[in-house]
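One structure is given below, encoded as structure tokens.
The structure presented is a predicted model; accordingly, all values stated were derived computationally and were not measured.
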Amino acid sequence: VSIRRAEMQDLQHMQHCNLWCLPENYTYKYYLYHGMVWQSLLYVAEDINSGRIVGYVLAKQDEEDEEGTKLEHGHITSLSVLRTHRKLGLANKVMQSTHRDMDKIFESHYVSLHVRVSNRAALGLYRDKLGYETFDTEEKYYADDENAYNMRKWFRKKL
Ligand code: ACO
């Protein structure tokens, strides 16, 4: 499996992977928007033998956070890895790649994301492997009313 930056032709395969893995789905237009504006932050895990996209991270940059504070930061829109390719370190690798670009290219202060409070696998990755901290809990964030942790990982001095 190789980890590489996504190209425009990968977007539909990333969308496909997302549909298999998560109930939070997005229009193709939203993938296009990420691809056109934030291409350097999009990474895929490609199975070299089959040429199949087996994992991805979809990410963007933002200036303002939810409270209206202006601070350049990255945001992870979506991350998933096909069931057949989990526990191989692929999510960890695509996340580290996008973090590096957020930090070095965009000089982000931090990166944020939302995750279901029940998502043990993702929380293990974010908290234990990648050093995210819980910033806030957002009540009924998801369509089925589950709460979300709003998490942040700081690249620069915490403000
Ligand atoms: N249980 C507990 N911890 C886990 C699990 C699990 N099933 N899977 C991964 N982890 C943690 C561990 O700390 C692991 O480190 P270790 O292998 O040294 O123990 C660490 O995460 C890294 O694991 P990876 O192998 O890199 O993770 P993987 O490639 O399997 O992908 C992911 C993890 C993306 C959460 C995957 O399980 C998945 O696609 N789940 C469904 C979709 C999803 O929940 N995506 C995240 C939604 S939040 C968002 O998109 C912002």
| query | For the atom pair NE2 (His114) and CG (Asn150), what is the distance rounded to the nearest 0.5 Å? | reply | 4.0 Å
| Checking side chain to side chain contact (heavy atoms under 4.5 Å, CB included) for the pair Met36/Met8: CA distance, chi angles, key distance, verdict? | CA-CA 8 Å; Met36 288 193 289; Met8 291 311 264; 3.5 Å; yes
| message | Between Thr134 and Tyr149 (side chain of the first, backbone of the second, donor and acceptor by atom type, cut-off under 3.5 Å), is there such a pair? | response | no
| task | Using a 4.5 Å cut-off on heavy atoms from C-beta on, say whether the side chain of Glu146 contacts that of Ser118. | result | yes
| request: Please work out whether the ring planes of Trp20 and His16 are parallel, tilted or perpendicular, with thresholds of 30° and 60°. | output: tilted
| Less than 4.5 Å apart, any side-chain heavy atom of Tyr142 and any of Pro23? | no
| Taking atom CD of Gln15 and atom CD1 of Ile53, what is their separation to the nearest 0.5 Å? | 13.5 Å
| task | Look at the side chain of Arg86 and the backbone N and O of Val81, then say whether any donor-acceptor pair between them is shorter than 3.5 Å. | result | yes
| task | Could you label the plane-to-plane angle of the His34 and Tyr30 rings as parallel, tilted or perpendicular, counting under 30° as parallel and over 60° as perpendicular? | result | perpendicular
| task | State the CD1-CE distance between Ile76 and Met102, to the nearest 0.5 angstrom. | result | 4.0 Å
| task | Report the residues that fulfil salt bridge (Lys or Arg N to Asp or Glu O under 4.0 Å) with Arg4, sequence neighbours left out, ordered by chain and then residue number. | result | Asp10, Glu46
| Short side-chain to backbone donor-acceptor contact, Gln61 and Glu72, under 3.5 Å | no
| Co-membership, hydrophobic cluster, residues Leu79 and Phe135, 4.5 Å side-chain | no
| request: Would you check if the side chain of Lys153 reaches a backbone N or O of Leu130 as a donor-acceptor pair within less than 3.5 Å? | output: yes
| request: Could you check whether the rings of Trp154 and Tyr110 sit parallel, tilted or perpendicular, using 30° and 60° as the cut-offs? | output: tilted
| query | Could you go step by step and tell me if Lys60 and Val37 meet the side chain to side chain contact (heavy atoms under 4.5 Å, CB included) rule? | reply | CA-CA 8 Å; Lys60 59 181 182 170; Val37 184; over 6 Å; no
| field | Closest non-hydrogen atom pair between Tyr31 and Leu58, with its separation | value | CE2-CD2, 3.8 Å
| field | Stepwise salt bridge (charged side-chain N to carboxylate O under 4.0 Å, His left out) check, Asp144 with Arg116 | value | CA-CA 11 Å; Asp144 61 2; Arg116 286 178 182 266; 2.9 Å; yes
| task | Taking all non-hydrogen atoms of both residues into account, name the closest pair between Tyr132 and Met95 and its distance. | result | OH-CE, 3.5 Å
| Flag side-chain contact, heavy atom, 4.5 Å: Leu22 against Ser78 | yes
| Contact check, side chains of Tyr43 and Arg100, non-hydrogen atoms, under 4.5 Å | yes
| task | State, to 0.1 Å, how close Trp38 and Ala59 come at their nearest heavy-atom pair, and which atoms those are. | result | CB-O, 3.6 Å
| task | Answer yes if Met151 and Leu71 sit in the same cluster of Ile, Leu, Val, Met, Phe, Trp and Tyr residues linked by side chain heavy atoms under 4.5 Å apart, and no otherwise. | result | no
| task | Mind running side chain to side chain contact (heavy atoms under 4.5 Å, CB included) on Asn147 and Tyr141 for me, showing each step along the way? | result | CA-CA 5 Å; Asn147 296 349; Tyr141 178 82; over 6 Å; no
| request: Please round to the nearest 0.5 Å and tell me the distance separating atom OG of Ser80 and atom CG of Leu90. | output: 11.5 Å
| message | Checking side-chain contact (heavy atoms from CB on, under 4.5 Å) between Tyr56 and each of Asn18, Leu82, Leu42, which is the one that passes? | response | Asn18
| remark: Across all chains, not counting sequence neighbours, the side-chain contact (heavy atoms from CB on, under 4.5 Å) partners of Asp103 are Phe155, Arg156
| Distance, nearest 0.5 Å, that separates CG of Leu113 from NE2 of His75 | 7.0 Å
| message | So, taking the atom named CG in Leu41 and the one named CD1 in Ile105, what distance separates them when rounded to the nearest 0.5 Å? | response | 7.0 Å
| said: Run the side chain to side chain contact (heavy atoms under 4.5 Å, CB included) test on Val94 and Ser97 for me, step by step, so that the C-alpha distance in whole Å, both residues' side-chain angles and the decisive distance to 0.1 Å come before the verdict. | reply: CA-CA 5 Å; Val94 292; Ser97 302; 5.5 Å; no
| message | For Arg5 and Asp101: C-alpha separation, side-chain torsions, deciding distance, then whether salt bridge (charged side-chain N to carboxylate O under 4.0 Å, His left out) applies. | response | CA-CA 11 Å; Arg5 263 209 184 109; Asp101 294 346; 3.0 Å; yes
| said: Same cluster or not: Val1 versus Ile48, using hydrophobic residues (I, L, V, M, F, W, Y) connected whenever any side-chain heavy atoms lie under 4.5 Å apart? | reply: no
